[in-house]
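Reviewing the structure listed below.
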There are 2 protein chains.
Amino acid sequence: MKPSVVTIEPNWQLCSDCAVRGSAVCSSLDAVELREFEHLGRRVHFASGETVFSEEDITTLFYNLLEGVMRLYKLLPDGRRQIVGFALPGDFLGMNILGRHNFSADAIGAVTACQFAKVPFGRFIEDRPHLLRRINELAIRELSQARDHMVLLGRRSADEKVAAFLLGWRERLASLKGASDTVPLPMSRQDIADYLGLTIETVSRTFTKLERHGVIEIIHGGISLLDPAKVEALAAA
Amino acid sequence: MKPSVVTIEPNWQLCSDCAVRGSAVCSSLDAVELREFEHLGRRVHFASGETVFSEEDITTLFYNLLEGVMRLYKLLPDGRRQIVGFALPGDFLGMNILGRHNFSADAIGAVTACQFAKVPFGRFIEDRPHLLRRINELAIRELSQARDHMVLLGRRSADEKVAAFLLGWRERLASLKGASDTVPLPMSRQDIADYLGLTIETVSRTFTKLERHGVIEIIHGGISLLDPAKVEALAAA
DNA sequence: CTCCAAAATTGATCTGGGTCAACCGGCTTT
DNA sequence: AAAGCCGGTTGACCCAGATCAATTTTGGAG
């Protein structure tokens, strides 16, 4: 899905009662700074499937994801796709070198984000090293996840990949909505395949196999972990 | 290789004529700061194969690589290994969250590094946001490389992986020692395989195939690119 | 130099996951 | 409610790369 209408509301919302106040970049700001910060960002919405930014685009905007899920991916010239991550509320997007995004980002379902213009945001950081430290912290956390994902892509079997994905995704949702054995999967099978370096058929077959063995149950819009311990054993961490 | 003797010299060397002065973290420091910085670090040496730090070790030291090459890797419980990167002079190692390394690092051949104790280094950064910005820059650059590598691991064929590796490695060496079609490969075939998510046999066969086709020549301790354009075509960027 | 061990290459064979193709609901459109 | 579509599932078959098994080459050590 290409360009489309981006709804922009007047900035009624207050940072102070923002859903991601405690976990996002802004967690490093005190009450006074937050008031000033409020004027820098504005809330924007993206429809399901809409592209928020593309690889190689010049970065003029940063995003702080508030609601919804995004897929972050890179394409090869011949169309092969690797999803490098899924973004969830609290994730900060747009940091890069050379002023260009190095991956593309699409909304999966409706998305709300807090949008910042690069220049004023950069100025705001300038004399607030604690915010810079927070951004650095987020970058290092992502780097650690990226390395874990390299191990998964390079050295794990299809079964291990799928099991590790289910556990990892459940874990991330747990820290947002609380722990649960019912795991919603808003992304398509193709998305999961492109995230795990597999084909859609292999992902589908692996799900059915896990279900046949009574380890998971495939439900509408997600899966339910019937035997989490078994899944953990499969993921072989 | 497990613990071994770490040679420590008195800190004769001056940062000001350090080989990586211009490219490493310290490139963000002015002459005055550099004098102070000099007292924080000390030069350490590692023998070939020696482990500098291990995954899960508590981080007490940071390293700024001065000479030599290191392999950075993660192990699965059953011994499968994924090399997440090779470190070259100018690379900064040790940044992490939760105070633990999230990968292991071995010397490939003799290595010299500038070693910093975590606490005083952290204090030094404290009131020098430009150094923090430099560290952030390096983290973001690594993140970008990590994402490129995910694409390679998840979506590229063995031939493409090997070709992309040769070009990428040549590129990195070029920015250190100047461009050349003769590419030294200090790491073993097993290291290359574990970096590319392949087996040693596949790497070896791919090299021989490229040589048979007159694209490269396998020389002692490396390869020579006879037809760089062909290699680039294979890497299919 | 000779001997030994580790690294690399090469060959033969096997298999996990890809490819190709058919099919099955559930939604939307008319 | 028929038609069409899209996402997902299932089956049959295939192949890139893994595995298993010898060599061959390289690099020290004595």
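What you see is a predicted model; the values in this text were computed from it and never measured. Residue numbers begin at 1 in each chain, while the letters A, B, ... track the order of the sequences.
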Original post:
Do Arg80(B) and Asp194(B) meet the salt-bridge criterion of a basic N to acidic O distance under 4.0 Å?
Top reply: no

**OP:** Shoot me the first and last contacting nucleotide of DNA chain C against chain B, ordered 5' to 3', at under 4.0 angstrom to non-hydrogen atoms.
**Re:** dA8(C) to dA12(C)

Original post:
Quick one: Arg80(B) CZ to dA18(D) C1', roughly how many Å, whole number?
Top reply: 13 Å

Original post:
How close or far is atom P of dT19(D) from atom CG of Leu198(B), stated in whole angstroms?
Top reply: 11 Å

**OP:** May I ask you to say what Thr199(B) touches in the nucleic acid, namely base, sugar-phosphate or nothing, with a heavy-atom cut-off under 4.0 Å?
**Re:** base

Original post:
Are the aromatic ring centres of Phe103(B) and Tyr73(B) under 6.0 angstrom apart?
Top reply: no

Subject >> Residue Glu171(B) excluded, over 12 heavy atoms near CD under 6.0 Å >> reply: no

Subject >> dG17(D) OP1/OP2 closer than 4.0 Å to side-chain N/O of Thr202(B) >> reply: no

Original post:
Taking for each residue the nucleotide of DNA chain C bearing the nearest heavy atom, is the 5' side occupied by Gly197(A) or by Arg212(B)?
Top reply: Arg212(B)

Subject >> Phosphate-side-chain proximity, His220(B) and dT25(D), N/O vs OP1/OP2 below 4.0 Å >> reply: no

Original post:
Taking CG from Asp194(A) and P from dG7(D), how many angstroms apart are they, rounded to a whole number?
Top reply: 13 Å

**OP:** Could you check how far CG of Asp191(A) sits from C1' of dG7(D), rounded to whole Å?
**Re:** 12 Å

**OP:** Could you tell me whether the side chain of Glu201(B) has a donor or acceptor atom within less than 3.5 Å of a complementary atom in the base of dC20(D)?
**Re:** yes

**OP:** Would you kindly give the CD-to-P distance between Glu211(A) and dT9(D), to the nearest whole Å?
**Re:** 9 Å

Original post:
Once you round it to whole Å, what is the distance between C1' of dG7(D) and CG of Leu185(A)?
Top reply: 14 Å

Original post:
Once the angle between the rings of Phe86(B) and Phe165(B) is folded into 0 to 90°, is it parallel (under 30°), tilted (30 to 60°) or perpendicular (over 60°)?
Top reply: tilted

**OP:** Identify whether the distance between the nearest side-chain nitrogen and carboxylate oxygen of Arg147(A) and Glu142(A) falls below 4.0 Å.
**Re:** no

Subject >> Closest-nucleotide 5' rank along DNA chain D - winner of Ile218(A) and Arg155(A) >> reply: Ile218(A)

**OP:** Taking only Lys NZ, Arg NE, NH1 and NH2, and the carboxylate oxygens of Asp or Glu, determine whether Glu67(B) and Arg43(B) approach each other closer than 4.0 Å.
**Re:** no

Original post:
Starting at CD1 of Ile219(A) and ending at P of dG8(D), how long is that distance when rounded to a whole Å?
Top reply: 14 Å

Original post:
Please give, in whole Å, the distance from dT10(D) C1' to Lys209(A) NZ?
Top reply: 15 Å

Original post:
Donor-acceptor pair under 3.5 Å: do we get one between Arg205(A)'s side chain and the base of dG11(D)?
Top reply: yes

**OP:** Starting from the C-alpha separation in whole Å, work towards a yes-or-no answer on ring pair (Phe, Tyr, Trp, His ring centres under 6.0 Å) for Phe62(A) and Phe92(A).
**Re:** CA-CA 7 Å; Phe62(A) 296 143; Phe92(A) 186 72; 5.8 Å; yes

